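Everything numeric here is computed off the predicted structure, so don't read it as measured data.
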Amino acid sequence: MRRLAAILCCAVAFACTDPTGPEMDAVTIEVTSLNRQASGQWLVQFEITNQGRSTVFLPRCDDVLTGLESWTGSGWLRVPVESCMATPDQSLAVEPEAVVEGDRILGAPGRYRLHVQYSREAGVEFGLIATTDPIEID
């Protein structure tokens with residue numbers, strides 16, 4: 001009886017585990033440098049890494065599109081930024097372990113973070129998101 005129960009538990013665990021299924025946190029975005037420019041603005045350089053086992057797709061126009069969020073004291077608020085309207089057919093395919101570099105300018109003092117949306121399939125909406133750690137601008 002115990003052996004049957006053990007076999008059933010293993011079968012259920014195996015059936016619920018999909019080794020090719022969705023990966024959590026497959027994409028990361030990290031700030032690699034933060035430098036004050038002569039203009040007083042800050043240049044934020046970042047890397048987006050596909051740490052997953054399969055290709056992911058990032059939105060782009062000329063460059064990979066990243067969003068910006070500002071800390072309000074009680075939560076993160078998306079800041080409107082000028083960009084094109086990226087569509088899934090304009091996506092950039094990023095292979096496993098590949099890194100995409102980029103940069104953007106921040107001006108006003110505050111606490112920010114960058115985010116990048118992505119998808120696991122070509123031609124579909126960018127429904128997943130990765131964010132940086134907070135960026136402090138004084």
Side-chain angles (χ1 to χ4, degrees):
M1 184 67 162
R2 286 185 190 176
R3 184 173 185 199
L4 179 59
I7 291 171
L8 287 175
C9 285
C10 288
V12 168
F14 183 74
C16 294
T17 304
D18 180 1
T20 62
E23 301 172 60
M24 298 306 295
D25 302 325
V27 171
T28 60
I29 178 171
E30 297 181 15
V31 173
T32 56
S33 73
L34 180 62
N35 297 300
R36 188 175 204 127
Q37 305 298 293
S39 65
Q41 296 178 314
W42 290 84
L43 177 65
V44 180
Q45 294 177 305
F46 59 86
E47 290 182 345
I48 300 168
T49 305
N50 179 0
Q51 297 180 330
R53 297 181 301 267
S54 57
T55 302
V56 296
F57 300 87
L58 305 177
R60 71 169 171 163
C61 289
D62 293 330
D63 296 318
V64 171
L65 297 177
T66 56
L68 181 64
E69 301 173 14
S70 175
W71 180 251
T72 65
S74 61
W76 293 100
L77 176 67
R78 290 199 176 169
V79 176
V81 292
E82 289 183 35
S83 67
C84 71
M85 295 301 293
T87 60
D89 60 332
Q90 294 173 299
S91 63
L92 172 66
V94 181
E95 299 295 324
E97 300 181 25
V99 176
V100 175
E101 297 178 338
D103 60 56
R104 73 173 313 135
I105 295 288
L106 296 178
R111 186 176 202 196
Y112 300 95
R113 69 182 185 184
L114 302 178
H115 70 257
V116 62
Q117 294 180 304
Y118 64 100
S119 67
R120 293 193 193 329
E121 297 177 45
V124 301
E125 292 300 315
F126 306 107
L128 303 169
I129 192 166
T131 59
T132 63
D133 289 335
I135 305 163
E136 302 289 340
I137 301 294
D138 53 9

Nearest-0.5 Å distance, [atom1] of residue [X] to [atom2] of residue [Y]:
X    : Y    : atom1 : atom2 : value
H115 : L128 : NE2   : CG    : 12.5 Å
L106 : L34  : CG    : CG    : 7.5 Å
R111 : E136 : CZ    : CD    : 5.0 Å
T131 : W76  : OG1   : CH2   : 8.5 Å
W42  : Q37  : CH2   : CD    : 9.5 Å
E121 : S54  : CD    : OG    : 9.5 Å

We want to know whether Q45 and S33 form a side-chain donor-acceptor pair, criterion being a heavy-atom distance below 3.5 angstrom.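 Checked: Q45/S33 side chains pair up, N/O donor to acceptor below 3.5 Å.
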Under the rule for salt bridge (charged side-chain N to carboxylate O under 4.0 Å, His left out), what residues qualify as partners of E97, not counting sequence neighbours?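 Salt bridge (charged side-chain N to carboxylate O under 4.0 Å, His left out) list for E97, sorted by chain: empty.
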ILVMFWY cluster membership beyond L43 - transitive side-chain contacts under 4.5 angstrom: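 Under the 4.5 Å side-chain rule, L43 groups with I105.
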Through direct or indirect side-chain contacts below 4.5 angstrom among Ile, Leu, Val, Met, Phe, Trp and Tyr, which residues connect to V99?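 The other cluster members (ILVMFWY side chains, heavy atoms under 4.5 Å, direct or chained): none.
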Heavy-atom pair with the smallest gap, counting every atom of [X] and [Y]:
X    : Y    : value
R60  : L65  : CA-CG, 4.1 Å
R113 : P134 : CB-CA, 4.4 Å
G52  : P96  : O-CB, 3.3 Å
T32  : F46  : OG1-N, 3.7 Å
A130 : V27  : CB-O, 3.4 Å
G107 : Q41  : CA-CG, 4.2 Å

Chi angles and distances behind the side-chain contact (heavy atoms from CB on, under 4.5 Å) call for I48, V94: CA-CA 9 Å; I48 300 168; V94 181; over 6 Å; no
Taking a hydrophobic cluster as the set of Ile, Leu, Val, Met, Phe, Trp and Tyr residues connected by side-chain heavy atoms closer than 4.5 Å, whether directly or through intermediates, do W71 and V44 fall within one such cluster?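 W71 does not cluster with V44.
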V100 and L68: same hydrophobic cluster, using ILVMFWY side-chain contacts below 4.5 Å?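 Same hydrophobic cluster.
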Intermediate values then yes/no, side-chain contact (heavy atoms from CB on, under 4.5 Å), R36 and I137: CA-CA 9 Å; R36 188 175 204 127; I137 301 294; over 6 Å; no
Apply side-chain contact (heavy atoms from CB on, under 4.5 Å) to the pair V56 and F126, showing each step before the final yes or no. CA-CA 10 Å; V56 296; F126 306 107; over 6 Å; no
Run the side-chain contact (heavy atoms from CB on, under 4.5 Å) check on T55 and F57 step by step: do they pass? CA-CA 7 Å; T55 302; F57 300 87; 3.8 Å; yes
